[in-house]
Student: 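I'd like to ask some things about the structure below.
Here, residue 1 is the first one in the sequence, and each next residue gets the next number. Computed from a predicted structure; not experimentally measured.
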Amino acid sequence: MLAQETGDNVVRLADWAWRRPHRPTTRFQRALAVLEPAQKRAVLGLMDVFGAFGDNVWEHLPQSWRRARAHDPTLPGVGTSLAEFSDDALISLTLEAGYTLGDADTFKAVLPYFLAGAFARPLDSWVVDPDLLKAKLETLAFDSWPSAQRRRVAHALAVYAQHELDLAERAPGEDDEALVAAKTWAEHALAAAL
């Protein structure tokens with residue numbers, strides 16, 4: 001009798017095979033699948049305002065991207081979807097977008113993908129922290145962006161700063177001043193964009 005009862009509780013993989021084709025398929029979709037609700041809302045909010053930028057990112061990048069790949073052959077080839085960029089490629093494009101690669105629209109295109117990766121796979125190598133994003137936004141004339149874009153970016157940056165604060169190794173009551181400043185800046189930018 002015990003064998004029968006145990007047999008009824010066995011999960012057979014074949015019984016669940018129908019779900020496999022419906023699972024997330026891109027790196028971006030897999031990242032979204034594991035985000036906390038606030039993080040997912042922040043990333044999807046960015047996709048709402050910047051999704052089309054990602055579709056057109058290669059219109060502005062081919063020559064400069066080929067030069068970048070000459071120095072770093074691990075970067076994906078021209079035409080690769082941002083949804084399939086590796087963590088290192090997201091970091092590279094986020095760092096260089098608007099400077100040596102593309103323009104402010106290139107940065108807007110990569111930002112949701114970068115944040116999804118940074119939230120889903122927190123690593124020490126995510127060298128683009130909230131404070132650096134804040135500085136980059138200021139350089140890319142963030143104050144002149146449409147208010148809907150500023151609201152979504154400010155909200156996402158505040159969530160990112162809080163995420164980094166939550167992960168930071170620190171003594172009780174000792175928060176990273178740069179992260180706190182980035183979060184405060186984002187909250188003020190959000191209020192100003194309302």
Side-chain angles (χ1 to χ4, degrees), residues 23-35 39-40 42-146 149-150 152-154 156-157 159-161 163-164 167-168 176 178-179 182 185-186:
R23 297 213 177 195
T25 57
T26 66
R27 286 179 60 84
F28 181 66
Q29 289 169 320
R30 288 190 299 275
L32 283 177
V34 299
L35 298 187
Q39 296 168 345
K40 191 171 190 173
V43 170
L44 292 177
L46 290 173
M47 288 302 289
D48 285 345
V49 294
F50 297 142
F53 291 91
D55 296 339
N56 302 322
V57 72
W58 290 108
E59 292 175 14
H60 306 287
L61 283 180
Q63 291 304 323
S64 55
W65 192 255
R66 284 187 181 97
R67 285 191 299 274
R69 285 194 79 216
H71 298 294
D72 185 358
T74 64
L75 294 177
V78 171
T80 302
S81 166
L82 290 175
E84 290 295 349
F85 268 44
S86 68
D87 294 345
D88 289 338
L90 289 170
I91 291 167
S92 292
L93 185 52
T94 303
L95 283 170
E96 299 301 327
Y99 300 149
T100 61
L101 294 172
D103 53 18
D105 289 349
T106 307
F107 177 74
K108 292 174 184 181
V110 74
L111 186 59
Y113 298 95
F114 167 80
L115 285 177
F119 286 141
R121 298 177 296 277
L123 304 168
D124 292 334
S125 63
W126 288 103
V127 295
V128 187
D129 63 16
D131 190 48
L132 185 56
L133 283 182
K134 175 186 87 64
K136 188 169 188 94
L137 288 166
E138 292 172 332
T139 303
L140 296 176
F142 177 72
D143 289 339
S144 68
W145 294 7
Q149 292 179 3
R150 287 182 295 146
R152 298 295 173 98
V153 170
L157 184 58
V159 171
Y160 185 36
H163 168 77
E164 290 295 310
L167 292 177
D176 183 316
L179 291 176
W185 181 88

Student: Go through the steps to decide whether V110 and F85 satisfy the test side chain to side chain contact (heavy atoms under 4.5 Å, CB included), and finish with yes or no.
Tutor: CA-CA 10 Å; V110 74; F85 268 44; 5.5 Å; no

Student: Given L133 and V153, is the side chain to side chain contact (heavy atoms under 4.5 Å, CB included) satisfied, shown in steps?
Tutor: CA-CA 10 Å; L133 283 182; V153 170; over 6 Å; no

Student: Looking only at heavy atoms, which two atoms of L35 and A120 are closest? And how far apart?
Tutor: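 So the minimum-distance heavy-atom pair works out to CD2-N, 3.6 Å.
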
Student: Would you say Q29's side chain and T26's backbone share a donor-acceptor pair under 3.5 angstrom?
Tutor: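 Yes: the side chain of Q29 pairs with the backbone of T26.
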
Student: To the nearest 0.5 Å, tell me how far F28 CZ sits from L90 CG.
Tutor: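 Taking CZ in F28 and CG in L90, the distance rounds to 10.0 Å.
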
Student: Check the angle between the aromatic planes of Y160 and H163 and answer parallel, tilted or perpendicular using the 30° and 60° thresholds.
Tutor: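 Parallel, since the angle between the ring planes stays under 30°.
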
Student: Using 30° and 60° as the class limits, which term best fits the ring planes of W145 and F107: parallel, tilted or perpendicular?
Tutor: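 Aromatic pair W145/F107 classed tilted.
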
Student: Run the side chain to side chain contact (heavy atoms under 4.5 Å, CB included) test on T106 and L61 for me, step by step, so that the C-alpha distance in whole Å, both residues' side-chain angles and the decisive distance to 0.1 Å come before the verdict.
Tutor: CA-CA 8 Å; T106 307; L61 283 180; 4.0 Å; yes

Student: Go through the steps for L179 and D131 under the test side chain to side chain contact (heavy atoms under 4.5 Å, CB included), then give the verdict.
Tutor: CA-CA 6 Å; L179 291 176; D131 190 48; 5.7 Å; no

Student: At what distance, to the nearest 0.5 angstrom, does CZ of R67 lie from CG of L101?
Tutor: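 The CZ atom of R67 sits 8.5 Å away from the CG atom of L101.
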
Student: What heavy-atom pair brings P130 and L157 nearest, and what distance separates the two atoms?
Tutor: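 Nearest heavy atoms, P130 then L157: O-CD1, 3.6 Å.
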
Student: Tell me the closest heavy-atom pair linking R121 and A31, and the distance in Å.
Tutor: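 Of all heavy-atom pairs spanning R121 and A31, the closest is NH1-CB, 3.8 Å.
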
Student: Less than 4.5 Å apart, side chain to side chain, heavy atoms only: is that true for D87 and R27?
Tutor: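 The answer is yes; the side chains approach within 4.5 Å.
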
Student: Are L46 and V43 side-chain neighbours, meaning at least one heavy-atom pair lies under 4.5 Å?
Tutor: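 No, side chains not in contact.
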
Student: Holding to side chain to side chain contact (heavy atoms under 4.5 Å, CB included), I want the full list of residues that pass it with A52, two or more places apart in sequence or in another chain.
Tutor: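 Applying side chain to side chain contact (heavy atoms under 4.5 Å, CB included) to A52 gives none.
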
Student: Over all heavy atoms of both residues, which pair between L82 and A109 is shortest? Give the atoms and the distance, please.
Tutor: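 Scanning both residues, the minimum pair turns out to be CD1-O, 3.5 Å.
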
Student: Can you tell me how far apart CG (L137) and CG (D143) are? Round to the nearest 0.5 Å.
Tutor: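 Output value for this atom pair is 9.5 Å.
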
Student: Quick one: are L93 and W65 in side-chain contact, heavy atoms under 4.5 Å?
Tutor: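 In short, these two side chains touch, coming nearer than 4.5 Å.
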
Student: For residues 69-78, which side-chain N or O atoms pair as donor and acceptor with protein atoms under 3.5 Å away, sequence neighbours left out?
Tutor:
| residue | atom | partner | partner atom | Å |
| --- | --- | --- | --- | --- |
| R69 | NE | L75 | O | 2.8 |
| R69 | NE | P76 | O | 3.3 |
| R69 | NH2 | L75 | O | 3.3 |
| D72 | OD1 | T74 | N | 3.2 |
| D72 | OD1 | T74 | OG1 | 2.5 |

Student: Which atom names give the shortest non-hydrogen contact between P122 and L167, and what distance separates them?
Tutor: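 The answer is CB-CD1, 3.6 Å.
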
Student: Any heavy-atom pair between the side chains of Y99 and K136 that's under 4.5 Å?
Tutor: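 Yes. Closest side-chain heavy atoms under 4.5 Å.
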
